[in-house]
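Sequential numbering from 1 along the given sequence is applied to the chain's residues.
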Amino acid sequence: MIQNTSFAYKPTDHESERASNSYLMSLVALVAGLPLPIINLIATFFFFIANRKGTYFIRWHCTQALVSQATLLCINSYGFWWTISIVFGDVHASNRYFAYLITAFLFNLIEFISTIYCAVQSRKGIHVQQWFFGNLTNLICRADVK
């Protein structure tokens with residue numbers, strides 16, 4: 001699920017800390033804005049914007065954190081609005097609803113654990129790629145070729 005790879009160079013301590021903070025930003029925002037699924041994405045997006053001119057190592061990890069939070073936003077928003085329609089609308093809770101909630105919970109749990117793991121490993125200067133998000137980040141964030 002998570003793949004450790006290495007860069008051609010060893011990132012400095014400052015680079016490793018900023019890359020690690022990109023993952024920690026979403027965890028801090030999770031505590032602050034738990035009921036609203038967009039708070040994590042907004043916090044991660046602003047951290048991404050602040051570090052988009054950084055080194056490739058920093059940009060890559062900020063991008064991976066942002067892409068994973070965008071996916072999490074879609075999953076959590078669908079469950080949030082489905083729950084609102086059950087509470088305030090005429091929709092009834094069904095087996096599909098509870099199956100979706102369980103699936104969303106498991107996805108959030110896996111994302112939470114992998115975010116902590118990526119934060120710890122990137123703080124050590126180790127380049128980690130999450131299963132789906134790493135390949136997508138490679139497509140989005142390329143090294144500066146001159």
Side-chain angles (χ1 to χ4, degrees), residues 1-89 91 96-97 99-146:
M1 180 157 171
I2 296 177
Q3 176 185 0
N4 290 345
T5 58
S6 60
F7 275 173
Y9 78 103
K10 176 81 172 139
T12 64
D13 193 43
H14 178 68
E15 291 174 311
S16 298
E17 182 179 356
R18 288 175 73 186
S20 176
N21 287 345
S22 67
Y23 297 107
L24 294 177
M25 184 60 63
S26 64
L27 297 177
V28 170
L30 176 70
V31 173
L34 189 59
L36 300 174
I38 192 135
I39 300 296
N40 297 355
L41 182 66
I42 291 171
T44 306
F45 177 74
F46 282 125
F47 194 81
F48 169 79
I49 292 297
N51 291 291
R52 72 182 182 272
K53 301 283 185 193
T55 64
Y56 180 71
F57 186 77
I58 296 169
R59 281 182 299 145
W60 196 95
H61 286 283
C62 287
T63 304
Q64 179 170 261
L66 182 64
V67 169
S68 67
Q69 287 303 311
T71 305
L72 200 62
L73 172 72
C74 296
I75 292 169
N76 290 344
S77 292
Y78 190 80
F80 176 79
W81 289 112
W82 197 352
T83 302
I84 292 298
S85 69
I86 289 172
V87 172
F88 296 113
V91 179
R96 287 184 181 172
Y97 170 72
Y100 187 83
L101 285 184
I102 291 169
T103 304
F105 173 76
L106 290 175
F107 188 82
N108 277 278
L109 182 64
I110 290 168
E111 176 68 21
F112 184 76
I113 292 168
S114 67
T115 299
I116 292 173
Y117 179 77
C118 288
V120 169
Q121 294 302 317
S122 63
R123 180 64 179 103
K124 293 177 184 175
I126 300 170
H127 180 66
V128 290
Q129 293 186 9
Q130 296 175 350
W131 171 67
F132 175 74
F133 305 123
N135 293 332
L136 190 57
T137 304
N138 284 332
L139 294 174
I140 296 170
C141 187
R142 298 181 203 156
D144 293 331
V145 179
K146 295 184 181 183

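- The environment of F107 atom CZ is dense: over 12 non-hydrogen atoms of other residues, nucleotides or ligands sit within 6.0 angstrom.
- To the nearest 0.5 Å, atom CD of residue Q121 and atom CD of residue Q129 are 13.5 Å apart.
- In plain terms, the two heavy atoms of T115 and Q130 that are nearest each other are N-NE2, 4.3 Å.
- Nearest approach of C141 to Y56, heavy atoms of both residues: O-OH, 3.3 Å.
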Show the numbers, then the answer: is there a side chain to side chain contact (heavy atoms under 4.5 Å, CB included) between I38 and L73?
CA-CA 6 Å; I38 192 135; L73 172 72; 4.0 Å; yes
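- Judged as a side chain to side chain donor-acceptor pair (under 3.5 Å), the pairs with a partner in residues 42-52 (not counting sequence neighbours) are, in order, R18-N51.
- Across all their heavy atoms, Q64 and V128 have their closest contact at NE2-O, 3.4 Å.
- Looking only at atom types and distance, the side chain of E111 has a donor-acceptor partner in the side chain of S68 under 3.5 Å away.
- Taking OG of S20 as the start and CD1 of I58 as the end, the distance is 11.5 Å to the nearest 0.5 Å.
- Ring geometry, F57 versus H127: the interplanar angle falls from 30° to 60°, so the pair is classed tilted.
- A65 and S22 get closest at one heavy-atom pair: CB-O, 3.6 Å.
- For the atom pair H61 NE2 and T55 OG1, the distance stands at 9.5 Å (nearest 0.5 Å).
- In terms of the side-chain contact (heavy atoms from CB on, under 4.5 Å) criterion, residue partners of Y100 (sequence neighbours excluded) are, by chain and number, I75, Y78, W82, A104.
- Residues S16 and S122 approach most closely at CB-O, 3.3 Å, considering heavy atoms.
- Taking OG1 of T63 as the reference point, atom CG of L139 lies at 12.0 Å (rounded to 0.5 Å).
- Interatomic distance, F47 CZ to L24 CG, rounded to the nearest 0.5 Å: 8.5 Å.
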Start with the C-alpha distance between I84 and F88, add both sets of side-chain angles, then the distance that settles side chain to side chain contact (heavy atoms under 4.5 Å, CB included), and finish with yes or no.
CA-CA 6 Å; I84 292 298; F88 296 113; 3.9 Å; yes
Determine, step by step, whether D13 and K124 satisfy the salt bridge (charged side-chain N to carboxylate O under 4.0 Å, His left out) criterion, reporting the C-alpha distance in whole Å, the side-chain angles of both residues, the deciding distance to 0.1 Å, and the verdict.
CA-CA 8 Å; D13 193 43; K124 293 177 184 175; over 6 Å; no
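- Between Y97 and T83, the closest side-chain pair of non-hydrogen atoms falls below 4.5 Å.
- Taking all atoms of both residues into account, the shortest heavy-atom contact from R59 to G54 is NE-O, 3.2 Å.
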